[in-house]
Amino acid sequence: MKIRIETDLVLVLTLLASSTCSGFYLPGLAPVSFCEEGKGGDADCESHIQLYVNRLDSVESVLPYEYDGFDFCKDDKETRPSENLGQVLFGERIETSPYKFLFKKDEKCKKLCTKTYVKDKTDDKKLLDFIKRGMQLNYQHHWIVDNMPVTWCYDVEDSQKYCNPGFPIGCLVTAEGRAKDACVINSDFNKKNMFYIFNHVDIRISYHSGENEGWMGARLVAATLEPKSIKHANDESPTCDGPPMTIPAEADSDVKITYTYSVTFQQNNNIKWASRWDYILVSMPHTNIQWFSNTRNQACCAKAEYGETLITLIIFPACIMNSLVIVLFLSGMVAMIMLRTLHKDIARYNQVDQGDLIKVPPQGKSISYEDAQEESGWKQVHGDVFRPPRKGMLLSVFLGQGTQIFIMTFITLFLACLGFLSPANRGALMTCSVVLWVLLGTPAGYVSARLYKTFGGEKWKTNVLLTALLCPGIVFADFFLMNLILWVEGSSAAIPFGTLVAILALWFGISVPLTFIGAYFGFKKPAIEQPVRTNQIPRQIPEQSFFTKPVPGIVMGGILPFGCIFIQLFFILNSIWSHQMYYMFGFLFLVFIILLITCSEATILLCYFHLCAEDYHWWWRSFLTSGFTAIYLFVYAVHYFFSKLQIVGAASTILYFGYTGIMVLIFFLFTGTIGFFACFWFVNKIYSVVKVD
């Protein structure tokens, strides 16, 4: 009964947390109606169905390749739909394919083309070797019908069904007889040192008919396929019967591959068009999170009682709830300690000014002025706490960029929760982020200039230029080097020269001028007024204990924020490097809020301890304390690379760590800015309520 109640509670909270994401479906995307050829009448519907092909990628390589990079059957009248900036940056290359269907017209074993590779021709050998390399690294096709992925659904452990939005080119049985990847699905794939290519697909398209619902035609709600390897006895009139199509690892004769397909249509009015992605999303592979054994037990109970499709809705939010409960508990503890301690400190300091003896309730014990000062010493550094930091120029630049990233992240996640940036809107997430970053140059310039002026800086031109160019320049340089590697490797992820020019135009034509405008208004504003005056002679900082020294405090400060995000981080890294769809933006936004709270609280707490130890160098420390979370992010990314990924090759390894470096820098600026402004508010607040002579 207890497990049942806990499971029900998790389900209810899941629906509440994700309600903003499912309030309405994919704004801006309209359904397309299909009719049988010649039976559409005056209805606005189509009869021809075009299958599109996207890039091919692999979990063993960071290098995606275009469909045309492999020697598959090609469309005679190939066209490419327009791609947004996000799709180009992610390396998506969508184009038409020779797979063309008529609605509700079934086809059986229809031939597409035959490819022949002569062993003595160098070009043919290169093409065949490239296909073999693709099978060896388990490269996956990604096909699209009506803006919906064509999925390969198969059973996995515990009788669960997983719908993969891609399927492999083929597979390999090694010289030792070990079946790799997809070769384990068929016992006929048993010849040693042999490749098996999937040259036939059985496609099934499901549609929702509007005949009894007041609208004409039908809408496609699912597209699945089953890849097969078939050696056709007659290449001109294939029957799709025969043994698997094999390609020797060491080809000693000519190779001929005939590609075929079958397609069937079936009506399924149980699936609505607005929820046609659900069967893909709920079947995403579930990760065994070892730290939450109770959650896994709940998932098993839920499977027996509610069905398999709700397992994701149990595991995912339950992990978030565990983190949330821990964070809320720690937040309450921190808030209680800080409020009670600060209240006593402020009351004591304000009463000390009125006499040499004070009463500190509730003990009623008399305390001398010296005892009060010795017990808690953050007031003693009031004349130095607002002394401008060293390298104030660099700190103000980092804070300006961090503010830009923070606003960009907040707006992007908010729009994602509303459904605008769902997986069906390909590239929308990256496009939105880039456009927002470009348009948010004004807040970056304003914050950087205002803080630099507060620090007493006078080199405003240098400040503006560094704010506009330093961090974006580092990211662009890293990105450009990674792009050079992609160019050399011939990957589809290589950004075209025209797109690079467009990115530079956005940067220098829009972002930089907006940064200058923000800086202009920032420098026109007066410097931020501090609540206490700064002494001319710096106060000597006493000897610090180990835990109040800068480095240990900074290292400890990032632990709590990272502990709140590392579960979500696992799913995010899976979506990037394992090519899984990420769609739980409601939970991601919740984790974003938790991260803000924990970064702020951890930084404030450590800042208070350092001030009590009479160490007033808090400016950089507040930034680095929460910013150190990015170092833990990097360490986790290294662990993820060696323990979870199967990436091989020097180029893929360099690309992984190159892109990870960009992520770490952005996260460093983001978290550091949160910690700094939280600490800035805290320090101003406590010194503004204390009476200072």
Side-chain angles (χ1 to χ4, degrees), residues 51-62 64-65 67 70 72 90-94 97 99 134-172 179-186 189 196-206 220-229 261-263 271 275-288 308-309 311-312 315-316 422-424 426 570-584 644-647:
L51 187 146
Y52 291 89
V53 291
N54 202 346
R55 65 175 184 177
L56 286 83
D57 53 34
S58 169
V59 295
E60 299 181 28
S61 174
V62 183
Y65 291 99
Y67 179 85
F70 296 88
F72 300 130
F90 273 128
E92 292 196 11
R93 300 295 183 265
I94 300 175
S97 75
Y99 297 88
M135 289 188 282
Q136 184 177 0
L137 294 178
N138 196 28
Y139 269 82
Q140 306 266 324
H141 287 280
H142 294 281
W143 291 359
I144 303 167
V145 167
D146 190 32
N147 197 42
M148 181 175 53
V150 182
T151 59
W152 176 31
C153 297
Y154 51 88
D155 293 330
V156 291
E157 59 182 6
D158 298 332
S159 301
Q160 299 178 39
K161 185 175 288 293
Y162 170 48
C163 290
N164 186 0
F167 68 96
I169 299 174
C171 58
L172 168 67
K180 289 187 60 180
D181 304 316
C183 278
V184 300
I185 65 175
N186 194 332
F189 299 164
Y196 293 86
I197 187 168
F198 294 130
N199 59 330
H200 175 84
V201 288
D202 288 329
I203 303 172
R204 184 176 65 183
I205 298 177
S206 302
L220 306 188
V221 293
T224 60
L225 60 74
E226 182 182 355
K228 294 181 178 179
S229 179
Y261 73 92
S262 299
V263 59
I271 304 176
S275 58
R276 62 180 185 165
W277 282 68
D278 288 1
Y279 82 98
I280 305 173
L281 300 180
V282 299
S283 72
M284 288 288 105
H286 315 303
T287 305
N288 291 326
E308 296 174 356
T309 58
I311 296 179
T312 302
I315 293 179
F316 211 129
S422 69
R426 291 180 175 83
F570 178 85
F571 290 100
I572 292 173
L573 292 178
N574 266 357
S575 70
I576 296 174
W577 303 115
S578 297
H579 313 295
Q580 296 178 13
M581 294 182 184
Y582 189 90
Y583 63 99
M584 305 294 270
K644 303 296 181 183
L645 296 181
Q646 307 167 15
I647 290 178

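Just so it is clear, the values below take in all heavy atoms, side chains as well, and ignore hydrogens, waters and symmetry mates. Quick caveat: nothing in here was measured; it's all calculated off a predicted structure.
- Looking at Val62 and Ile647, their side chains come closer than 4.5 Å, going by heavy atoms from C-beta outward.
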- Task: Step by step, work out the side-chain hydrogen bond (donor to acceptor under 3.5 Å, both in side chains) result for Arg426 and Asn147.
- Result: CA-CA 9 Å; Arg426 291 180 175 83; Asn147 197 42; 2.5 Å; yes
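- Taking CG from Asn199 and CD1 from Ile169, the interatomic distance works out to 12.5 Å, rounded to the nearest 0.5 Å.
- Ring geometry for Tyr162 against Tyr154 counts as perpendicular: the plane angle is over 60°, on a 0 to 90° scale with 30° as the lower cut.
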- Task: Assess whether side-chain contact (heavy atoms from CB on, under 4.5 Å) is satisfied between Ser578 and Leu645, documenting all intermediate values.
- Result: CA-CA 8 Å; Ser578 297; Leu645 296 181; 4.0 Å; yes
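- Atom CH2 of Trp277 and atom SG of Cys163 lie 12.5 Å apart (nearest 0.5 Å).
- Here the options are Tyr99, Tyr52, Trp152, the test is ring pair (Phe, Tyr, Trp, His ring centres under 6.0 Å), and the partner is Trp143; only Tyr99 passes.
- Between the side chain of Ser58 and the backbone N or O of Leu137, at least one donor-acceptor pair lies under 3.5 Å.
- Counting heavy atoms from C-beta on, the side chains of Lys180 and Cys171 never come closer than 4.5 Å.
- Across all their heavy atoms, Tyr67 and Asn54 have their closest contact at CB-O, 4.1 Å.
- For Phe198 and Phe167, the ring centers are positioned 6.0 Å apart or more.
- Between Val59 and Lys644 there is no side-chain heavy-atom pair separated by less than 4.5 Å.
- Judged as a side-chain contact (heavy atoms from CB on, under 4.5 Å), and not counting sequence neighbours, the contacts of His200 are Asp202, Lys228, Ile230, Cys240, Thr260, Ser262.
- Nearest heavy atoms, Val184 versus Asp181: CG2-O, 3.2 Å.
- Between Ala223 and Val145, the shortest heavy-atom contact is CB-CB, 4.5 Å.
- For the atom pair Tyr196 OH and Asn186 CG, the distance stands at 9.0 Å (nearest 0.5 Å).
- At a threshold of 4.5 Å between non-hydrogen side-chain atoms, the residues Phe72 and Leu56 count as touching.
- Atom CZ of Arg55 and atom CZ of Arg93 lie 8.5 Å apart (nearest 0.5 Å).
- Evaluation of the side-chain hydrogen bond (donor to acceptor under 3.5 Å, both in side chains) rule for Asp146 yields Arg276 as partners, not counting sequence neighbours.
- When all heavy atoms are compared, the tightest approach of Pro165 to Thr151 is CA-CG2, 4.0 Å.
- Here the side chains of Met135 and Ile197 are in contact, with some heavy-atom distance below 4.5 Å.
- In this structure, the side chains of Leu220 and Ile205 come closer than 4.5 Å at one or more pairs of heavy atoms.
- Considering every non-hydrogen atom in both Gln140 and Pro168, the closest pair reads OE1-N, 3.7 Å.
- Annotation: the span from Tyr139 atom OH to His142 atom NE2 amounts to 10.5 Å, rounded to 0.5 Å.
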